[in-house]
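The next block holds one structure in the form of structure tokens; read it before the comments.
When a ligand or atom number is given, it counts from 1 through the structure's own listing order. Atoms considered below: every heavy atom in the structure, side chains included; atoms not considered: hydrogens, waters and symmetry mates. All of these numbers come straight from a predicted model, not from anything done at the bench.
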Amino acid sequence: MTHSTRGRRGSTVLAALAGIIAAGLVLGVAELVGAFFRASATPVIAMGSTFIDFTPSWMKDFAIETFGTNDKLALLVGMGVTIALLAAVLGIVAYRRWVLGAAGVLLMGAIILAAVLTRAGASLPDMIPTVIGTAAGLLALRWLIARLHRADAATRTESSAAAEAGAAHDDELPRTGSTSSAATPGHATSRRGFFVAAGVTAVVAAAAAGGGRLLAGARSNLAAARDSLRFPAPASPAPPLPDGVQSSVEGVTSFVTPNSDFYRIDTALSVPQLSAEDWVLRVHGMVEEEFELSFQDLLDADLIERHITLTCVSNPVGGGLVGTAKWLGYPLREVLARARPLAGADMVLSTSSDGFSASTPLPVLQDDRDAILAVAMNDEPLPAEHGFPVRMVVPGLYGYVSATKWVVDLEVTRFADAKAYWSDRGWAERGPIKTMTRVEVPKPFASVDAGEVMIGGVAWSQQRGITKVEVSVDDGDWEAVDLAAEASVDTWRQWSHAVTLDAGLHTVRARATDAVDGVQTDERAETVPDGASGWQLVQFTVA
Ligand SMILES: Nc1nc2c(c(=O)[nH]1)N[C@H]1C(S)=C(S)[C@@H](COP(=O)(O)O)O[C@H]1N2
Ligand SMILES: [Mo]
């Protein structure tokens, strides 16, 4: 390799680096300016959220299965890598032909703006963080590339002075190579200016990003307001949990899921930050009376408190996307009674502040089940990531068609006229929860002591109720297990079963029976389009 190619390659690598650093400045500055705007006005959140909205259902479930609740972190890392690659290419292009590079940067800015402006509730001022960020990035790139060209020029002069060797030209930017080793220290000194500029830009980018985050956090005092909320005693308190709802088998999940352990599934890359004070729910559509409800309206009303088990349609057989909490809320039945739906309406489309929507059959919200606008979860205001200040909780339906968090709009409509978020992406428009049981002990592939082995788990069939759970050990006969006490048909029910086993490899299969439809189906179904089904099989070792 000659010094000529090495110098050229070196500059190309540095041009790529300049591109990446400039992109960092775009994002950092936009983050800083964005602290004064809604989260979806920042490029990262706007682009990430747009990406999520275009994610096909198979990829969503792949992401959930692979990364679990870290799916959003995985998305951010993937975005970071993609942006860095694009920025590197733009840096190289800008180094070779500035105008093309600059055009590329502006095109990227325009793409980000398109993402920002198409987010739910976007307004023109939301463009400001991206515009300022892109301008800063463009200036920084210009500066860095100029330093690089200056370094190249200096090297050329030094090299030709050091050795009058044959000059190797190329058609764009003439560069002279040298066989003398003097060229190398020449590069080092002349590139110092570039490295200083690159370092300064990188530090500014990082400081802007960090400052932006801090500022955004400081500007939102929602956490404090949330913590100081107090709720009136419910008009209808939760029936006390019967003794013995909790299985004594070690390793079986806690009957009430603590908020911090509750699964979280949503499309919100940045958790919506709503204030209870400003919250309004608009009730409209095919109704005789349209109206709005405030948070205070809810607190002033007769609230009910219930234990309800929530389940995600993306939960695979044996999976963990299910949890039980004590919810406090206002019956949706009352909301609809006041609105008086018109004949022909058969669905309520609930929409969140960030544009998610769910289609819930109207009769489900009018019958005597405890479908509520929930304001508290396990005696606390809703955690931000579980829908603060108000979300829906509807017993018997998967979350994607019923459990809208950060809910701000209820439209009474018809299935024929409107499609909800996931129904638009290949999922069924109706989603009753399928009867299911999960073996929790022994864990798959666990090793347990020989002798009496405890098998334990949980089963759910919201609205129908669990009447029986059976296990088949090593493909033997089905044996009914001991059911723990039932809190209600809307909560899961724990179970346990003791078997004596010799050392070796064993399997346990489990199936639940509900009070309405009988034994859960053995037919294996994937989560798409309306929930997984099939009997779980767990393999374990007795040692
Ligand atoms: N605003 C909003 N609400 C939402 C979702 C969402 O993506 N956005 N996801 C739904 C789904 S798919 C489920 S399973 C439940 C999960 O509620 P959790 O995160 O409190 O467990 O919320 C539902 N409500
Ligand atoms: Mo879900």
Would you please test Lys72 and Asp266 for salt bridge (Lys or Arg N to Asp or Glu O under 4.0 Å) and show each step? CA-CA 10 Å; Lys72 295 191 178 74; Asp266 55 58; 3.2 Å; yes
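The aromatic rings of Phe255 and Trp492 sit perpendicular to each other, their planes meeting at more than 60°, with 30° as the lower class boundary. The aromatic rings of Phe388 and Phe295 lie tilted to each other, with the angle between the two planes from 30° to 60°.
Residues Asp297 and Ser294 have side chains that bring a donor and an acceptor to within less than 3.5 angstrom of each other.
Atom 24 (N) of ligand 1 has its closest protein heavy atom at Ala403 O, 2.9 Å. In terms of protein heavy-atom proximity, atom 21 (O) of ligand 1 is closest to Tyr263 O, 2.6 Å. At the top of the distance list for atom 4 (C) of ligand 1, counting protein heavy atoms only, stands Phe356 CE2, 3.5 Å. The shortest contact between atom 17 (O) of ligand 1 and any protein heavy atom is with Arg391 NH2, 3.0 Å. The protein heavy-atom contact nearest to atom 9 (N) of ligand 1 is Ile265 O, 3.2 Å. Protein heavy atom closest to atom 19 (O) of ligand 1, with residue, atom name and distance, is Lys405 NZ, 2.5 Å.
Using a 4.0 Å cut-off between heavy atoms, Trp422 makes no contact with ligand 1 at all. Contacts between Tyr400 and ligand 1 below 4.0 angstrom, taking non-hydrogen atoms only, involve backbone and side chain alike.
Every N/O-N/O distance between Leu310 and ligand 1 stays at or above 3.5 Å. Of the polar atoms of Arg264, none of the N or O atoms is found under 3.5 Å from an N or O of ligand 1, judged by distance alone. For ligand 1, the polar-atom distance check finds an N/O of Thr267 within less than 3.5 Å of one of the ligand's N/O atoms.
Both cation-pi conditions hold for Arg511 and Trp535: the charged atom is under 6.0 angstrom from the six-membered ring centre and inside a 45 degree cone around its axis.
With Gly399, Ala358, Gly387, Gly355 as candidates, the residue nearest to atom 13 (C) of ligand 1 on a non-hydrogen basis is Gly399.
Listed by atom number, the atoms of ligand 1 under 4.0 Å from Ser352 heavy atoms are 1 (N).
Here the side chains of Leu76 and Leu269 are in contact, with some heavy-atom distance below 4.5 Å.
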